[in-house]
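See below for the structure under consideration.
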Amino acid sequence: MAVLPAVQFREPRVPFSGDMPAPGTRELAGSRLGCPDPGALKPALAELSTAFGERLSLAPATREQHANTTTWLANEPPDAVVYPSSATEVQSIVRVCAAHGVPVIPFGAGTSLEGQVNAPFGGVSIDFRDMNRVLAVHAQDLDCVVEPGVTRKQLNAFLRDQGLFFPIDPGADASLGGMTATRCSGTNAVRYGTMKDNVLALKAVLANGEMITTARRARKSSAGYDLTRLLVGSEGTLAVITEITLKLHGIPEAIAGGICPFPSVEAACEATIATIQTGIPVARIELLDALQVKAVNAYSHLTLPERPLLCLEFHGSEQSVVEQSRRFDEIAGDLGGGPFEWATKAEDRSRLWQARHDAYWAALALRPGAKAIATDVCVPISRLAECVTATQQDIIASRLVAPIVGHVGDGNFHLSLVLDMADDDEVRRAEGLLERLVERALDMDGTCTGEHGVGQGKMKYLPAEHGEGTLGAMRALKLALDPQNILNPGKIISLG
Ligand SMILES: Cc1cc2nc3c(=O)[nH]c(=O)nc-3n(C[C@H](O)[C@H](O)[C@H](O)COP(=O)(O)OP(=O)(O)OC[C@H]3O[C@@H](n4cnc5c(N)ncnc54)[C@H](O)[C@@H]3O)c2cc1C
């Protein structure tokens, strides 16, 4: 049996005060601030250590790696990290934590951008690294069943020989558990949808340790509440996902794509709007503003024209991709864009899309020593050009470095604010820009996040987006499923 390493308990992150629960009482973590009580944590960790031995880590570096590392939110490490290898082990971890009122924070690849994996009240991070098996591929039904630790690239490498693929592609090689939990998307969403459209069923552990299955493999079902979609995007706050059934797609017979420069971001957005409105079934249509193109050229050693650029891809039969490309070319020409340059070789296309996926790192490299803060909003497509153009003007007026990229076919775009965090005035200007960005998107009937999720960073915008009635319903759901608030507390909605 492994010996429990000496546990260093930290001070509660927020000191207990008169109106807060005394240590030892079981209050809602994150509402009246039940910081995990050191008295509760110690026996919980002792039990987990007995069960998991060296698969439980208390090492400070490991704990820090399991908290937020991607953005400007503080790194708030969990008290321990545990590596289960089966759903039964996940159940046992949740049961131990529930018995002691200790928070549980599921962890996939840690690439989320809004502080989702932070542990503001401490607790135990469940890392799905070792639950990375593809359990079944049902080629005839175009679906597969995976454990949550499988990453999107691993799944596609596994599927390639069968002529199938899974299309959702966030820039990072994220885990399918994390992708499900953040309801993420990527460059292919305009054609294939987001995680909300591609998850058929889930197995998940509830806060009391019970295992549920949300649906069968049938493509359609009207059998009761749609718990699959409730858990997709719940960011680990309602249940811990242990198995995911995903829709798959056939690798298209033909893929064509290329790049098309435009005189302005507005013209590129107008071309996107026209492409979508005329029903061209484009598979990818991505905007890079001139600064982002410059960054990508330098980072990925490319020679793209340093003007607002659309990167496109069309999927279908040989004939249909030629037809789609021709129709797009006409739209682009009408808006002053072009020439539309085809990337005929598969290697050239892969290089282009890898460069697009590396846009965040390319932006960061624009300013050595700076921090890149990636944020996203999404608006109805008819408002896209207006929203992106106003945001670009705001960036200039705010004297900030913030290249724009976007999955613009969905009305979704991102800013990567490249900031000198030591410059308080610059940070204040960046905060102001982000507030106005969200306000602008909401004024256009959009959302404060199209795909990165809420985590800690966007909690403050939910009252404006949803209103108190809707937030009240979300709170009721949360408390019904997790009455102790042990599942990823302090994320999405405040219970206080
Ligand atoms: C360079 C870069 C580019 C990116 N590009 C995109 C993009 O194009 N589109 C996009 O949508 N996102 C993008 N992201 C954000 C990120 O990749 C996604 O949010 C992704 O879905 C996170 O997956 P993950 O495995 O890293 O999850 P993590 O960061 O580990 O976790 C995210 C959330 O999911 C929860 N979670 C993880 N596993 C489980 C589980 N098994 N059960 C329950 N909850 C769980 C966690 O508790 C946390 O709340 C990008 C990030 C980076 C760094």
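First listed ligand is number 1; within each ligand, the first listed atom is number 1.
Below 3.5 Å of separation, one finds no N or O of Thr70 facing any N or O of ligand 1. Looking at Ala109 next to ligand 1, an N or O pair under 3.5 Å apart turns up. Residue Thr182 places at least one N or O, backbone or side chain, under 3.5 Å from an N or O of ligand 1. Remark: ligand 1 and Asp169 share no N or O pair separated by less than 3.5 Å (distance only, no angle test). The distance criterion of under 3.5 Å between nitrogen or oxygen atoms is not met by Val117 with respect to ligand 1. For Glu451, a nitrogen or oxygen atom sits less than 3.5 Å from a nitrogen or oxygen atom of ligand 1, counting backbone and side chain alike. Distances between N or O atoms of Ile241 and those of ligand 1 include at least one value under 3.5 Å. For ligand 1, the polar-atom distance check against Gly110 finds a nitrogen or oxygen pair separated by under 3.5 Å. Note: an N/O pair closer than 3.5 Å links Gly108 and ligand 1 by distance alone.
If you check which protein heavy atom lies closest to atom 53 (C) of ligand 1, you get Thr111 O, 3.7 Å. Scanning the protein heavy atoms around atom 48 (C) of ligand 1, the nearest turns out to be Gln116 CB, 3.5 Å.
The distance from atom OG1 of Thr180 to atom NZ of Lys196, rounded to the nearest 0.5 Å, is 14.0 Å.
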Could you pull out every donor-acceptor pair under 3.5 Å between side chains of residues 307-315 and any protein atom, sequence neighbours left out?
unit_1: Glu313; atom_1: OE1; unit_2: Arg284; atom_2: NH1; d: 3.4
unit_1: Glu313; atom_1: OE1; unit_2: His315; atom_2: NE2; d: 2.8
unit_1: Glu313; atom_1: OE2; unit_2: Arg284; atom_2: NH1; d: 3.4
unit_1: Glu313; atom_1: OE2; unit_2: Trp353; atom_2: NE1; d: 2.9
unit_1: His315; atom_1: ND1; unit_2: Tyr192; atom_2: OH; d: 2.7

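For ligand 1, the atoms closer than 4.0 angstrom to any heavy atom of Ala181 are 34 (O), 35 (C), 36 (N), 44 (N), 45 (C). For ligand 1, the atoms closer than 4.0 angstrom to any heavy atom of Asn488 are 47 (O), 49 (O). Against a heavy-atom cut-off of under 4.0 Å, Tyr360 is close to the following atoms of ligand 1: 1 (C). Each of the following atoms of ligand 1 lies closer than 4.0 Å to a heavy atom of Gly171: 3 (C), 4 (C), 5 (N), 6 (C), 7 (C), 8 (O). Within ligand 1, the atoms closer than 4.0 Å to a non-hydrogen atom of Phe128 are 40 (C), 41 (N), numbered from 1 in the order shown.
The shortest distance between side-chain heavy atoms of Leu487 and Leu481 does not fall below 4.5 Å.
The aromatic rings of His414 and His407 stand perpendicular to each other, their planes meeting at an angle above 60°, with 30° marking the opposite boundary.
The existence of a salt bridge linking Glu286 and Arg356 is confirmed by a sub-4.0 Å separation between a basic side-chain nitrogen and an acidic carboxylate oxygen. Salt bridge Arg217/Asp143: present, at least one basic N to carboxylate O contact under 4.0 Å. Between Arg440 and Asp394, at least one side-chain nitrogen of the basic residue sits less than 4.0 Å from a carboxylate oxygen of the acidic one, meeting the salt-bridge criterion. With respect to the salt-bridge test (charged N to carboxylate O, under 4.0 angstrom), the residues Arg351 and Asp348 do not qualify.
With Leu202 as reference, Leu231 is the one residue of Leu230, Leu231, Thr213 to meet the side-chain contact (heavy atoms from CB on, under 4.5 Å) rule.
At a heavy-atom distance under 4.0 Å, only backbone atoms of Ala239 (N, CA, C or O) approach ligand 1. Using a 4.0 Å cut-off between heavy atoms, Ser112 contacts ligand 1 through both its backbone and its side chain.
Residue Arg216 places its CZ atom among 12 or fewer non-hydrogen atoms of other residues, nucleotides or ligands, all under 6.0 Å distant.
The stretch residues 239-248 participates, sequence neighbours left out, in no side chain to side chain donor-acceptor pair (under 3.5 Å) pair at all.
Using 4.0 Å as the threshold, Lys491 has no heavy atom nearer than that to any atom of ligand 1. Within the structure, ligand 1 lacks Gly453 among the residues with a heavy atom less than 4.0 angstrom away.
Contact detail for Pro78 and Arg63: the closest heavy-atom pair is O-NE, 2.8 Å.
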